Amino acid sequence: MSSLTRLNRTLVSRPKLPIKILQFGEGNFLRAFANWIIQQMNMQLDYQAGVAVVQPIPQGTVSLLKEQEGLYTLYLRGYEQGEAKSQYEVIDCIQESINPYQEKEAFLAQAQNPDLTLILSNTTEAGITYDTADTFQHFLEGSFPAKLTRFLFERYQYFERAEGAGCIFLPCELINFNGDKLKECLVKYAALWNLEPGFLDWLEGANTFCNTLVDRIVPGYPKDRMKEVREELGYEDQLVSEGEWFHLWVIEGPPIVREVFPADKIGLNVLFTDDMQPYRTRKVRILNGAHTSTVPVGYLYGLESVRESVEHDVVGSFIQQTLFSEIIPTLDLPSEELKAFAQDVLDRFRNPFVHHRLISISLNSISKFKTRCLPSLLTYVEQEGQLPKNLSFSLASLLYFYRGEKEGQPIPLKDTPAVLEYFTQEWTAVENGNQDLETFVEKVLSQEAFWGQSLSSIPELAATIKDHLIQLQAKGMKNYLPEIL
């Protein structure tokens, strides 16, 4: 264990800031992306915005944030304008860290904060959900939107319906129309809980829900080089995070949003628009689609990182084929523009400073495949009248990945309890001889809760995936992938 002093506000003195932003999510992405942007605005614009972070699920790192008094070190590493750069800074905009499961009153107290103007979130693609089992009294056990509804109702009552008490919402979850869907969930909870009609009017009239798109590759905690990091920093920091230099935040909303959050004034790549769909489609299908389609293939092949995968002869060929032959042809944008964007993405994946672990990207892979890869697969089938070879194989590999085992060793799967329980049950039935692979595949493809629709009616998909699973079981990824290519 290191004998260095833990990072804190005595070691690194920073002035306190008024809390103007509530943030649901304390993970690496928001800390390396949104909090970094807020930090730059505080430094260059005198924005004077502090953040109160709320842990949205029972397991999290708020306790570490408390120990470090909201401080952490962010490394940005990669190429900027062709030059290799590595730079770090202490991020200090987080002023309060709240675990609502233990600090319910502290959480609701922020609803009474007159300075609060913005609410951010990143609860993964699975976070913006509505569940009729959630209750007003036991909102903490419910979804993120359930917690937010209870919080906003507290704010609505405390400020006596004042229009000025409304907030601007910038959800960072990577789902299309994330702001619209978050608002839809809040409206449903208000109806489910029979909240007074005036609350719905206030929710609609006093608050602004923006659809957004976020883009920065964030590998997170640099576990493999922490000895070097400690020597460079001279202090202990359990929340060190790494990200690439590139960043993009597209925000779709009315002009007031730009006035309240003027990040573009200091040259940050924050774009305000009235239509973010072209940006979203390009980014989600190409960058995120390449990530998600690669994870099970690269991991089962025995690789650890995105960079290894892109530079690997076999897995790299799989990624190139998937991008240029199956994803790009399904997009309704100029081909040359898409190819240039894809090449930039591959260059970002090759960033020598960034060790983006495949297992880290695998979080909630089922919902990620639905959002990032399935639209390309379905469009390809519609356009070409046949299955895309690599995307179909990636889906089969994903189902095999959810066996939870690679070469006799457990895979540390991370997904919702319902998803993990489902695959454990179904794969156990296969391996015990109580269910054949054909039945397994049919059942999985029929899970509308996973895919938003039943995939069992897509011609040849079930048979193709079953065949891939048989070959993966018999030969393993290293021997079978070259045959696919």
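For the numbers below, each heavy atom of this structure counts, side chains included, while hydrogens, waters and symmetry mates do not. These numbers were taken from a predicted model, which means no experiment stands behind them.
Under the rule for a salt bridge (Lys or Arg N to Asp or Glu O under 4.0 Å), the partners of Arg77 that lie at least two apart in sequence or sit in another chain are Glu242. In this view, Asp344 satisfies the salt bridge (Lys or Arg N to Asp or Glu O under 4.0 Å) rule with no residue, not counting sequence neighbours. Partners of Arg216 by salt bridge (Lys or Arg N to Asp or Glu O under 4.0 Å), not counting sequence neighbours: none found.
A salt bridge links Glu304 to Arg357: one of the charged nitrogens lies within less than 4.0 Å of a carboxylate oxygen.
In this model, a donor atom of one side chain and an acceptor atom of the other lie less than 3.5 Å apart for Tyr402 and Asp415.
In this structure, CZ on Arg150 lies 12.0 Å from NE2 on His138, to the nearest 0.5 angstrom. Atom CD1 in Ile411 sits 8.5 Å away from atom OG in Ser362 (nearest 0.5 Å). From Ser309, atom OG reaches atom CD1 of Ile319 across 5.0 Å, with rounding to the nearest 0.5 Å. Here the CZ-OG1 distance, from Arg372 to Thr292, works out to 4.0 Å after rounding to the nearest 0.5 Å.
Contacts classified as side-chain hydrogen bond (donor to acceptor under 3.5 Å, both in side chains) and involving residues 7-18 (residues at least two apart or in different chains) are given here: Arg14-Asp92. For the ring pair (Phe, Tyr, Trp, His ring centres under 6.0 Å) condition, no pair includes a residue of residues 357-380, sequence neighbours left out. Evaluation of the side-chain hydrogen bond (donor to acceptor under 3.5 Å, both in side chains) test over residues 199-208, restricted to residues two or more places apart or in two chains, returns Lys183-Glu204.
Under the 30°/60° scheme for interplanar angles, the aromatic rings of Tyr88 and Tyr75 are found to be tilted.
With Tyr72 as reference, Asp237 is the one residue of Asp237, Asn28, Leu64, Thr61 to meet the side-chain contact (heavy atoms from CB on, under 4.5 Å) rule.
Contact detail for Ala111 and Phe151: the closest heavy-atom pair is N-CE1, 3.2 Å.
A ring-centre distance under 6.0 Å is not found for His356 and Phe349. Aromatic ring centres of Phe199 and Tyr189: separated by at least 6.0 Å.
In this structure, the side chain of Gln68 engages the main chain of Gln238 through a donor-acceptor pair within 3.5 Å.
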